[in-house]
Amino acid sequence: MASSCSSALQFFPSSTSLSARVHPLVIFNICDSYVRRPDQAERVIGTLLGSISPDGTVEIQNSYAVPHNESSDQVALDIDYHHNMLLSHQKVNSKEVIVGWYSTGFGVTGGSALIHEFYSREVQNPIHLTVDTTFRNGETTIKAFVSVSLSLGERQLAAQFQEIPLDLQMVEAEQVGFDILKTTMVEKLPSDLEGMEASMERLLTLINDAYKYVDSVVEGHVVPDNDIGRFIADSVASIPKISPPAFDRLVNDCLQDHLLLLYLSSITRTQLSLAEKLNTAAQIS
């Protein structure tokens with residue numbers, strides 16, 4: 001009697017309880033890399049660094065871009081650059097390890113499977129993070145995926161990207177910067193002096209509000225709050241006693257130092273951008 005056997009298609013997820021939490025520094029790095037990408041590049045890819053907690057949550061804490069050339073049927077990564085950047089980051093923070101990779105754009109593309117296969121050799125069960133840098137309708141779409149194997153018996157046929165829960169945690173100051181980053185239409189970028197002027201105006205407004213509150217309490221119009229009073233007293237006590245001429249001289253000296261640092265950082269940024277373009281041109285030729 002002839003015997004027959006049948007095999008069923010099976011999905012083998014990498015993890016059933018895996019989730020990810022991304023820090024805002026990673027989003028800022030990705031957007032900055034996208035802005036400074038080569039002219040012919042449609043998207044930017046890079047490595048994600050972080051740690052994995054015991055409950056299965058992947059903490060994505062840092063990232064760096066990896067140069068690549070991409071066509072319709074193949075992807076070429078600069079593996080040496082990737083390994084050198086990894087060594088440099090781990091010299092600063094040895095606790096950060098590879099947890100996955102990222103790409104800009106909306107969703108997963110055809111070449112993502114090839115890149116994910118490379119990172120699967122770097123780390124077990126890597127996270128694929130996608131960031132829509134176009135900020136459609138004033139919002140950005142950030143998603144995280146893991147690879148799910150489709151097998152027939154013992155033979156693996158293909159891999160499918162399955163979305164996992166992703167949490168974007170920010171403190172108030174980081175949320176302000178992220179909201180400004182989402183503003184894609186601006187009349188002009190403020191200069192350093194304009195930014196300082198705006199900060200001084202906000203500080204003057206806060207001081208006037210504090211004056212009005214103290215006057216209202218002294219005149220009996222507002223019920224005093226001990227917590228606010230202690231906070232104002234601590235703030236006043238933290239101000240050093242210094243004469244107005246000495247204070248003006250101190251502010252001017254600090255301003256000159258700040259402008260010098262801005263000038264040096266601008267020169268450094270220009271040199272790095274020029275070196276990056278020359279390196280890209282050399283790789284293409």
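Under the 3.5 Å distance criterion, the side-chain polar atoms of Asp32 are left unmatched by any main-chain donor or acceptor of Phe28. Between the side chain of Thr205 and the main chain of Glu201, a donor-acceptor pair closer than 3.5 Å is present. Judged purely by atom type and a 3.5 angstrom limit, Ser88 uses its side chain to pair as donor or acceptor with the backbone of Asn84. Judged by distance alone, the side chain of Ser33 and the main-chain N or O of Asn29 form a donor-acceptor pair under 3.5 Å. At least one donor-acceptor pair under 3.5 Å links the side chain of Asn208 to the backbone N or O of Leu204. The backbone N or O of Thr270 lies less than 3.5 Å from no partner atom in the side chain of Ser273, so there is not a single donor-acceptor pair.
Ile30 is listed as a side-chain neighbour of Thr104, based on a closest heavy-atom distance under 4.5 Å. Taking the side chain as every heavy atom from C-beta outward, Val44 and Thr133 never approach each other to under 4.5 Å. A 4.5 Å side-chain heavy-atom check between Thr57 and Ile52 finds every atom pair outside the cut-off. Side-chain contact check for Val22 versus Asp167: every heavy-atom pair is 4.5 Å or farther apart. With contacts defined as side-chain heavy-atom distances shorter than 4.5 Å, the pair Phe247/Val251 qualifies.
Under the 6.0 Å cut-off for aromatic ring centres, Tyr64 and His89 qualify, their centroids lying closer than that. For an aromatic pair to be called close, the ring centres must be under 6.0 Å apart, and His82 with Phe118 satisfies this. Separation of the Phe161 and His116 ring centroids falls under the 6.0 Å cut-off. Side-chain rings of His221 and Tyr213 stay apart, their centers remaining 6.0 Å or farther from each other.
Interatomic distance, Arg269 CZ to Arg36 CZ, rounded to the nearest 0.5 Å: 9.5 Å. Distance CZ/Arg37 to CZ/Arg43: 12.5 Å, rounded to 0.5 Å. Atoms CG and CD1, from Leu250 and Ile242 in turn, are 5.5 Å apart once rounded to the nearest 0.5 Å. The distance from the CD1 atom of Ile142 to the OG1 atom of Thr130 is 8.5 Å, given to the nearest 0.5 Å. Atom CD1 of residue Ile207 and atom CE of residue Met200 lie 9.0 Å apart, to the nearest 0.5 angstrom. Here the CG atom belonging to Leu259 is positioned 11.0 Å from the SG atom belonging to Cys254, to the nearest 0.5 angstrom.
The two residues Leu48 and Ser63 make their nearest non-hydrogen contact at CD2-CB, 4.0 Å. Contact between Val26 and Gln61 at its shortest, heavy atoms only, is CG2-C, 3.6 Å. The shortest non-hydrogen separation linking Pro126 to Gly100 is CB-CA, 3.8 Å.
Val222 and Ile232 fall within the same hydrophobic cluster, where Ile, Leu, Val, Met, Phe, Trp and Tyr residues are linked whenever their side-chain heavy atoms come under 4.5 Å apart, directly or through other members. Residue Val214 is grouped with residue Val236 when hydrophobic side chains (ILVMFWY) are merged at heavy-atom distances under 4.5 angstrom, including chains of intermediate members. Phe231 and Val217 end up in different hydrophobic clusters when Ile, Leu, Val, Met, Phe, Trp and Tyr side chains are linked at under 4.5 Å. Hydrophobic clustering, with ILVMFWY side chains joined whenever heavy atoms are under 4.5 angstrom apart, groups Ile79 together with Ile45. By the criterion of side-chain heavy atoms lying less than 4.5 angstrom apart, applied directly or through intervening Ile, Leu, Val, Met, Phe, Trp or Tyr residues, Val66 is not grouped with Leu25; the two fall into different hydrophobic clusters.
Looking at Thr47 and Tyr102, their side chains never bring a donor and an acceptor atom within 3.5 Å of each other.
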Candidate pair Leu168 and Ile27, rule side-chain contact (heavy atoms from CB on, under 4.5 Å), full reasoning
CA-CA 10 Å; Leu168 179 61; Ile27 307 302; 4.2 Å; yes
Check step by step if side-chain contact (heavy atoms from CB on, under 4.5 Å) holds for Val123 and Val99.
CA-CA 7 Å; Val123 62; Val99 295; over 6 Å; no
List the steps, then state whether side-chain contact (heavy atoms from CB on, under 4.5 Å) holds for Ile127 with Phe145.
CA-CA 6 Å; Ile127 297 289; Phe145 302 88; over 6 Å; no
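Of the charged side-chain nitrogens involved, at least one lies within less than 4.0 Å of a carboxylate oxygen, so that Arg230 and Asp227 count as a salt-bridged pair.
Remark: of the listed residues Ile60, Val97, Leu86, Leu86 is the sole one forming a side-chain contact (heavy atoms from CB on, under 4.5 Å) with Leu49.
The environment of CD in Gln90 is crowded: more than 12 heavy-atom neighbours from other residues, nucleotides or ligands sit within 6.0 Å.
Ring geometry for His128 against Trp101 counts as parallel: the plane angle stays under 30°, on a 0 to 90° scale with 60° as the upper cut.
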